[in-house]
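Worksheet: one structure, shown below.
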There are 2 protein chains.
Amino acid sequence: MSGPAGGDASKADLVHRQLKEEIELGELAPGTPLSELWLVERTGASRTPVREALRRLAAEGLVDLVPRQGARVSRVSLQSVRDLFDFRTLLEPAAMRQATEAAAADPELRRLFTAMRNEFARTVRRVPSQARSRAFYELADRFDWAIIGATRNEHLRRTIAELRPHTARLRNLSHVDPQRVEVSVAEHLRMCDALLAGDADGAAAAIADHLEQSLATIFRNLARGPGEGLDLLG
Amino acid sequence: MSGPAGGDASKADLVHRQLKEEIELGELAPGTPLSELWLVERTGASRTPVREALRRLAAEGLVDLVPRQGARVSRVSLQSVRDLFDFRTLLEPAAMRQATEAAAADPELRRLFTAMRNEFARTVRRVPSQARSRAFYELADRFDWAIIGATRNEHLRRTIAELRPHTARLRNLSHVDPQRVEVSVAEHLRMCDALLAGDADGAAAAIADHLEQSLATIFRNLARGPGEGLDLLG
DNA sequence: TGTATACAAGTTGTATACAGTATCGGCAGC
DNA sequence: GCTGCCGATACTGTATACAACTTGTATACA
């Protein structure tokens, strides 16, 4: 799944993870050239593991690889954002359905989601608005991973997991809208409630709605300020 | 897309393509150990491109990679077959909808699918039943690629393309049922008709039905004869 | 006889040297 | 002043050598 768990750690793994994180956080802006030698200097590993990391990132779509020219951090276009969210809207409601069924059959899982539901509620009530968005996104991340973990179908699970860095990067490249956080908390509460009620259709609808609102917000923000490293060609 | 088109051809590409084909055809049975040195002897390339090919195959799920032990051709379980078809049933109707819309807007594409529709019809009428299944599968392959090519969403397109080798392998590992071919031709005709009529819902339903029938056939055949390299543990 | 340990073979992980190719600069010619 | 050629440079693609680890076996010992 490559997500929160950290395995043994070959150098290729380490370089991969480090680059992935930096791309996700926007520290490596879209279009940044990633020469193998530069990465060798930067990471201390030799070319072989660096190469492997780059190939993996390319397979995940985080890096564009041109055969005899080199690698660059993949660019983000309006079209790619649309494609990403359309695809997520296809996959994630299905995952939500599976998670709902899994929770209905597993008290342990229900406890987990109940706890998260309470955390979401607490976030909006108790956390000062300064730190609120950070706390919220950290929590939303854990929620996403919980859904992924509760997804039975392996292909679905892996594919959704692979999309997450793209979404995260988008969030980090565009400016966060504090107002959006309030609404997003409400959307997450609705997802939790439907899931805990065993209402698969409701949960699916809730996440579809959430995705639609997220996309709308991103587009609004892009229209306002161009953002750090976004190509608006698409 | 890595499918029918063949690019420049680095050694890593060649090894990757060759192994992929052999796994697809079942010449390399599930569970076969793939030592890097063995592949070096076999392919004439050095370890570096062989390694890269193995990593790529692992990312595609065709090879299982255990960190310090080696690679094996990935095994096929009942559960993995179910997962595969469930996932395809999620993705391919959506692709079919996009292809239908694309065809409605593009006369060139309509001509292509009209031609294919006729070929399907001809297959059942004119081709002697000896060679019929081979001809059919070759045609069905081209149909699949045409759908993939007409799919607008890049994530959807790539994901579906990546699943194809798994399906093909399954077909080649289990015994082909000649009766199934007749029915499958009819299903493809129905898909073509709906697509050409601009009936996205109908096309989506047709492919969903096709997938359901395919899965049922595979399960029937597996119940009958255990097949060549299938684990029935799942 | 059963268990633990040391050894040996084979494998992957990593580093590095070499070869081929694309890019960018300057320079001659028009 | 502009275009086209050509060499230098830097990069990737490939091969190979070395290191670290895992597994299976044989042997010593309780």
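Residue numbers begin at 1 in each chain, while the letters A, B, ... track the order of the sequences.
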5′-ward residue of the pair B/Leu54/A/Gly44 relative to DNA chain C: B/Leu54
Short N-O contact, A/Glu119 and A/Arg142, less than 4.0 angstrom: yes
Closest to side chain of B/Ser46, choosing from D/dT14, C/dA22, C/dA15: D/dT14
Nucleotide of D/dG13, C/dT14, D/dT23 approaching B/Ser10 most closely (side-chain heavy atoms): D/dG13
Sugar-phosphate only, base, or nothing, as touched by A/Arg72 at under 4.0 Å among non-hydrogen atoms: nothing
Between C/dT16 (C1') and A/Leu39 (CG): distance, integer Å: 17 Å
Donor-acceptor pair (no angle test) under 3.5 Å: A/Arg47 side chain, D/dG13 base: yes
Ion pair check, B/Glu52 and B/Arg55, cut-off under 4.0 Å: no
Residue B/Ser35, side-chain atoms from C-beta onward, closest of C/dT11, D/dC21, D/dT14: C/dT11
For C/dA17, the Watson-Crick or wobble counterpart (both distances under 3.5 Å): D/dT14
Spacing between B/Leu37 atom CG and D/dT16 atom P, to the nearest angstrom: 12 Å
Interatomic distance, A/Arg68 CZ vs C/dA22 C1' [rounded to whole Å]: 9 Å
Length of the CD-P vector between B/Glu36 and C/dT14, whole Å: 11 Å
Test item: A/Arg157 side-chain N/O and A/Gly149 main-chain N/O as donor-acceptor pair under 3.5 Å: no
A/Gln69 or A/Pro49, whichever maps to the more 5' nucleotide of DNA chain C: A/Pro49
For atom CD of A/Glu52 and atom P of D/dG13, their distance in whole Å: 15 Å
Closest non-hydrogen atom pair, B/Thr217 against B/Arg180: OG1-CD, 3.1 Å
Nucleotide of C/dA15, D/dT12, C/dT12 approaching A/Arg51 most closely (side-chain heavy atoms): D/dT12
Distance in angstrom units between A/Lys11 NZ and C/dT12 C1', rounded: 15 Å
Distance in angstrom units between A/Glu41 CD and C/dA15 P, rounded: 15 Å
Listed partners of B/Gln69 passing side-chain contact (heavy atoms from CB on, under 4.5 Å), at least two apart: B/Val66
